[in-house]
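Please read these numbers as outputs of a predicted model, since none were measured by experiment.
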Amino acid sequence: MESPWKFGVDVGGTFTDAVLYNEATGEVYRAKVASTPDDQTEGVLNAIDHIRSQAPEGKLNVSVLNHGTTVATNAVLEGKGARVALLVTEGYKQTLQVRRSAVPGGLAGWIVWPKPEPLASLDMTIEVPGRMSSSGQVVRPLDESLLRSRLETLKILPHPPESITISLINSFANPSHETEVARIVRSEFPHIPLSLSSQILPELMEYERTVTTVANAYVKPLVGHYLENLQAQLGATELRVLRSDGGLASVSMAREHPVNLLYSGPAGGVTGVVRYVAAKTPYKNLLTFDMGGTSTDVCLVENGVPELRRESIIGDLTIRAPSIDVRTVGAGGGSIASFAALTGALRVGPQSAGANPGPVCYAKGGTAPTVTDAFAVLGYLPHGLLGGSFKLDKTAATLALEQQIAIPMGLQVPEAAEGVIQIALERMYGSLRSVSVEKGKDPRQFHLVSFGGAGGLVACELAKLCGTADPTIVPPSPGVLCALGDACTSLRHEISSAILRKLVDVTTDELMDLYGGLQHRATDTLINQGIPVFQQEVKWEADLRYRGQATSLPVAFSLNELRSNGVQILREQFEKSHKRLFSFSLDLDVEIVNLRVIAEEVMGALRSGALDTGDGTPLKEAVLSTATIYFSGSFYSDVPIFERTLLRTGDQMLGPCIITELDSNTWITPFHRAEIDQVGNILIWAMPRESHVNLKSSSMKLGEGDRLDPIVVQLVEVAMSPAMREQVTLQLDYFPMIAAGEGPNVGKMVCGQFGSFIPGFLTSWDEPILEGDVFITNDPYSVDNAISHLNDFLVIMPIHYDRKLVGWAANLGHFTDIGSIVPGSMPNCARSIFEDGIQIPLCKLYSAGGPNKAVFKIIERNSRKPDFARGDLQALVAAAKIGGNRVIEMCERFGISTYEAALEELLNRNKVAIRKLISTTVPDEPIYFEDYIDDDGFGVGPWRIACTMSRQPDEREGEVVVFDFNGTDPQSDRSINFALSHEMLKMFIAIYLLTVFDPATVFNDGSFDLIKIIIPEGTILNPIRPAALSCRTHLLGRLFDVIGALFGQRQPEFLSAAGYSDSPHLFYSGWAENGEWFQLYQIGFGGIPARPHGDGPDGHSMWPSMRSVPNEFLESYLPLRVDRFETVADSGGEGLFRGGNGMHIGMDSRRIMISLIKETSQDYCFLAEGNISIHDDRCYTKPWGVHGGGVGSRSKKTLVRYSLDARNPPREILPSKVDFVQVSVGDVLEWITWGGGGWGNPLERDPQLVAKEARRGLVKDTSRYGVVLTSANEVDTTATGNLRAAMRSAQEIIAISLFNRGGTLREIRDRCLQETGLAPPIPPSSKALTGPAARLENVRELHARRIAEDAVIYREIDSAWAK
């Protein structure tokens, strides 16, 4: 007979917690011992021994140990996993290297982002010859002989692979190639574990599937060894492992799918809450809050069921694996508090003191004050933890807070300590909003459950902040609740399958059959783990989305519902979920993306030990001692400290008091009362404030004559970040903003990235502004050029609170198509704004809450993608409303006067910070720089952007920095002009400065009065209407190169090389065979420039939130195939730090010849008649290097006309910007993007690093770095020394100039045809002035000056030029 005793063990960073639970009687033993990071087994066994020592001798016969482990998580975070070989489809070798081109952070985040190493190295990545289509058809058969020869390279590596991943393109549609490759690999490497993407994640999107499967392989040997070793130590006790989704897996399943364990630790606490609180009390809707030493985990539980998610973030990786939707914020007991001298801001986290040295009060060598130190100083903690055995040094904590926080901020130590806690709480509040408000859930309908070692200390204040329902709940033994959750959870397994079909095309019977097959596989898995079918519960889900969109939503249902109501039930559930999350639904086709079945072991009710019943008053002996507490500006003496184990059911305690136990402490504020329920939970209720009239109010509202609390200012700043995050979840190419309302700062942006749109709006709108109004425009020539081309729509919404205009919310978003002569609405061939597309003048989209349906219809009617236009409009408005709601919430919370005063202070902080940076980074003498965009697509160029930066006296501000664009070329008669907003440019400048010195700052308009912009009218940066603007992207990107070069000429912290470029665009459109219109809008990415602290990432985006579209997605929706998507070796400029390599989206001619024998299959291969437009830059001039670094390579586009001649196809080099290029079936576009410039002397680059990158295929010509390799690709030290000595004098000449442009403009022009295959453009000065700009005297003078300058530059006057 199986024993009723079960162990639950949870391993944390500092402590290992264990619970022994009797499922028949509810009896519980618990232990908390030090973790043993070098070998977690030791800590687990220590905890078990500790518990066995408590239990009566010979009483225990434990059948099962359920284990929450961080072995997999730590391996990823610490880089201690296995050496992984990766097998990918030919052309996709660098899937992990490119990582969908996404760079985290804000507008200038690329400057400071350290790109992580992929989990599978490129030198252990093998390309598999063979190809599947997105429909599961074989495009090229698998070549076994060639594959086996390539696998030989893995055998001769000095450090061979320890684990192997197979992840082939479109394996979600047909896994047969992966299965066959696995057979071959097993025969070559019989003892190495394999992970197949079609088994780990059989879903669409190649990067996500690959990185998830590689993560599985990376931790597989380590997890397998750990579990086998622990099972051997446990003997007859069966080991089960907690999955990230809260279920258990057997050792065999966990060993095969360890990627499902990455959130094993946090899942235990949520499971404990579900089993102990939701199942045993009337409270079913819960917000869980687990506050530990280094971080805090939160989750939402509705109707007793925790929310799940399909993606988890581990370090820098986003892993697609099912997990309880636990959100982690870097604010825990060990989070370090610091003072930012530049802005005067108080920061808390994400840096942590960790377990060693830990908080200052631990007396283990810590010197930085932490949240725990603040708790100790305020008196929330007793003199000793863990039952008094762990003494605290409160004196040291007080001194650290005083010196590092209180004195710099002008506060008393208790005020500083409270400020630290309040900032930490604000960050935790933002995390709780992410699982509730941002998902359409009202926190007022949920109860906060606070646990973890420090959760009880902030439960009262956090519940008040979140507005959760009473009571707040602190479960028994909150410090070991994760272990209890482990002990009482059940086995679980899920199976999924990709389908990608329109819902209307799928029958109910077809779905029933598909789900039936999945159900058999899921239930059989549990049967194999010892759970019979009658003890299993089965659940069904489907991932659905509007057709063609990227975001899918999971929908749960029962088979009975499907059988009774048909597939319509799925649409109804999806639209209900979409409306809850995004506030709207659309009349569009819905498609099924994935089917999913979950089988779970049915568990009995959790039992708990009997608790004595009290009379409402705690026993006298329950009061251990008293303490003095500082709370909300007042000291409280003789505060009782209750021992929790001596409290009884019904005992009530009025605040202030502390309830202590072995593993945690709970602080009951003066405004709360607590009672013990029948299962031992502490239930905390808020009391009416009027019953405490003797206490100082904790209100943060500013009274007449009151001093503005600097902590409140910081709270408002921290609260701004979630406000932006909540807006941006609705779109990707978006730029939301919140601005101040009525008053001296009206319209100033307090949070955002593209500057304020409101001042320009207020000068343009002269009619009444009503509550409920929403304004819209896409007119670049209105609102002070806030919009840069017609594809960008600006939505502006006034925010009213208590009948006052307290703020503005706005969102700028890119629309896929708004008419014009070119599909995609960014015509390079346009000569006026009228050809760019539809213009919507500034008007009301909503008037007093009512929609202006005519405007909606006009926009939709003029778009080739009306469904997308309708959805984008709804998303822009919904996002603005979310931002408005956040502002209203802050006004309610702090009061209008306090909120506005805080905004004033935040704006002033940024102003003070930028003033400091201007005085230290802008030299006394003017700094000049010029750069170029290559041409206008019609043979005219390069176009000069000239700017002089200087410090100048100012009557009002004392001193300002001036950016004067005199010398910039006159406007073009084509569409490359950019109507540059002064507000936007000022924001770019401020962000650039602050990102380097204080990236945690929330950007705002406070510094704008210190920055002066001069852009002469009639130039390409200030064109006169109706100049065309649709291709302004190239100038927009080049401005960042210019800004960096201006600041960097005297400040090396700022000087990156060139390469920001222009996020080039590709459009492909036409009519598919089924009569449907197709339209591709694809942004390409190139090499990020080398930076002062390291290499530029390869093939990445420099714009925030942007990332490449998965090629499997493109192939599933468009008639094309992408067979090559990788970086170009040596395209990044050489240097001490090399520039990022550009991308090659093209076809290897050898592969084309192979495919011609069987079936035509090329890359960016067009499978339907259509036309393309493609616009980019840096195809003539090169991205410059700095400090002796080399130039990046040019971009290049070649159209290979296989439709004309399959064996000897004509190759047509396309100009940089071109529209209406007709393509036929089989034609191939080979697209190479630019590389980033290099930084520093390449002869100083580590030769071993050069050799490593050569082995990885990122560098081919090692001589650019003065490095010679042997035949084994190892450094030839002697030859390298000789080569570098020979190259040194030439390199010294290159380094004389700070900027290396790869030659003069004349030299670049003379070599253009030979190097690019294209004739050089003719200078803009060779063209006669036309249009409104020709009437301006400054433009005529500029044009004449350029004619003379160009004559000198090129030392000749062409006949065409002379004309």
Side-chain angles (χ1 to χ4, degrees), residues 105-109 340 343-345 347 423 426-427 429-430 433-434 437-438 712-731 734-741 743 745-759 761 786 794-799 801 805-813 876 879-891 893-894 896 898-911 913-914 981 983-984 986-995 998-1008 1104-1105:
L107 195 57
T343 57
R347 308 273 190 236
I423 300 304
E426 193 67 40
R427 297 190 63 202
Y429 173 44
R433 286 181 61 90
S434 72
V437 175
E438 293 179 33
V712 175
V713 177
Q714 201 59 43
L715 291 174
V716 172
E717 181 183 44
V718 175
M720 284 292 174
S721 297
M724 301 313 295
R725 183 184 68 237
E726 291 162 26
Q727 291 188 77
V728 301
T729 54
L730 300 179
Q731 287 191 307
Y734 54 81
F735 292 95
M737 179 222 69
I738 292 174
N745 297 309
V746 60
K748 286 191 175 181
M749 188 193 77
V750 293
C751 192
Q753 294 192 95
F754 257 36
S756 180
F757 314 119
I758 307 307
F761 163 77
L794 174 63
V795 163
I796 295 174
M797 188 187 79
I799 307 167
Y801 175 72
L805 182 59
V806 296
W808 296 87
N811 211 348
L812 182 73
L876 281 175
K881 288 181 178 178
I882 289 171
N885 291 338
R886 190 71 161 123
V887 170
I888 291 171
E889 179 194 313
M890 285 187 278
C891 289
R893 180 174 160 202
F894 300 111
I896 293 177
T898 301
Y899 172 71
E900 291 177 339
L903 296 188
E904 171 79 31
E905 177 60 22
L906 289 173
L907 290 164
N908 186 60
R909 279 186 182 179
N910 271 36
K911 187 173 186 177
I914 295 298
S981 161
E983 297 279 312
M984 182 188 296
K986 289 178 180 181
M987 191 77 263
F988 288 174
I989 293 165
I991 288 176
Y992 203 93
L993 288 167
L994 289 170
T995 295
D998 190 5
T1001 299
V1002 176
F1003 306 125
N1004 63 43
D1005 285 5
S1007 63
F1008 283 15
S1105 79

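- A 4.5 Å side-chain heavy-atom check between N910 and L994 finds at least one atom pair inside the cut-off.
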Show your working on salt bridge (charged side-chain N to carboxylate O under 4.0 Å, His left out) between K986 and E983 and close with a plain yes or no. CA-CA 5 Å; K986 289 178 180 181; E983 297 279 312; 5.0 Å; no
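- Nearest approach of A740 to V750, heavy atoms of both residues: N-CG1, 4.4 Å.
- Every residue two or more places apart in sequence or in another chain that forms a salt bridge (Lys or Arg N to Asp or Glu O under 4.0 Å) with E900 is listed here: K804.
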Worked check of side-chain contact (heavy atoms from CB on, under 4.5 Å) between V887 and Y801: CA-CA 9 Å; V887 170; Y801 175 72; over 6 Å; no
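- Here the shortest heavy-atom pairing between G813 and L876 reads N-CD2, 3.8 Å.
- Separation of atoms CG (L812) and CZ (F757) is listed at 4.5 Å; rounding is to 0.5 Å.
- Proximity of M737 to M987: side-chain heavy atoms (C-beta onward) are nowhere separated by under 4.5 Å.
- Closest non-hydrogen pair, A810 versus L794, comes out as CB-CD1, 4.3 Å.
- To the nearest 0.5 Å, atoms CD1 (I896) and CD1 (I888) are separated by 10.0 Å.
- Taking the side chain as every heavy atom from C-beta outward, F1003 and T995 approach each other to under 4.5 Å.
- Judged as a side-chain hydrogen bond (donor to acceptor under 3.5 Å, both in side chains), and not counting sequence neighbours, the contacts of N745 are E904.
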Quick one: do W808 and F761 satisfy side-chain contact (heavy atoms from CB on, under 4.5 Å)? Show the steps, please. CA-CA 11 Å; W808 296 87; F761 163 77; 3.5 Å; yes
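- Taking both residues in full, the closest heavy atoms of I758 and A739 are given as CG1-CB, 3.8 Å, listed atom of the first, atom of the second, then distance.
- Under the rule for a ring-ring contact (aromatic ring centres under 6.0 Å, His included), Y429 has no partner lying at least two apart in sequence or in another chain.
- Atom-to-atom distance recorded for F1008:CZ and K748:NZ is 9.5 Å, nearest 0.5 angstrom.
- Listed by chain and number, the residues in a side chain to side chain contact (heavy atoms under 4.5 Å, CB included) with S1007 are I914, A990, I1011 (sequence neighbours excluded).
- Across D1005 and S756, no two heavy atoms sit closer than the pair OD2-CB, 3.0 Å.
- Heavy-atom minimum distance, N811 versus A879: ND2-CB, 3.1 Å.
- K911 meets the salt bridge (Lys or Arg N to Asp or Glu O under 4.0 Å) test with E957; sequence neighbours excluded.
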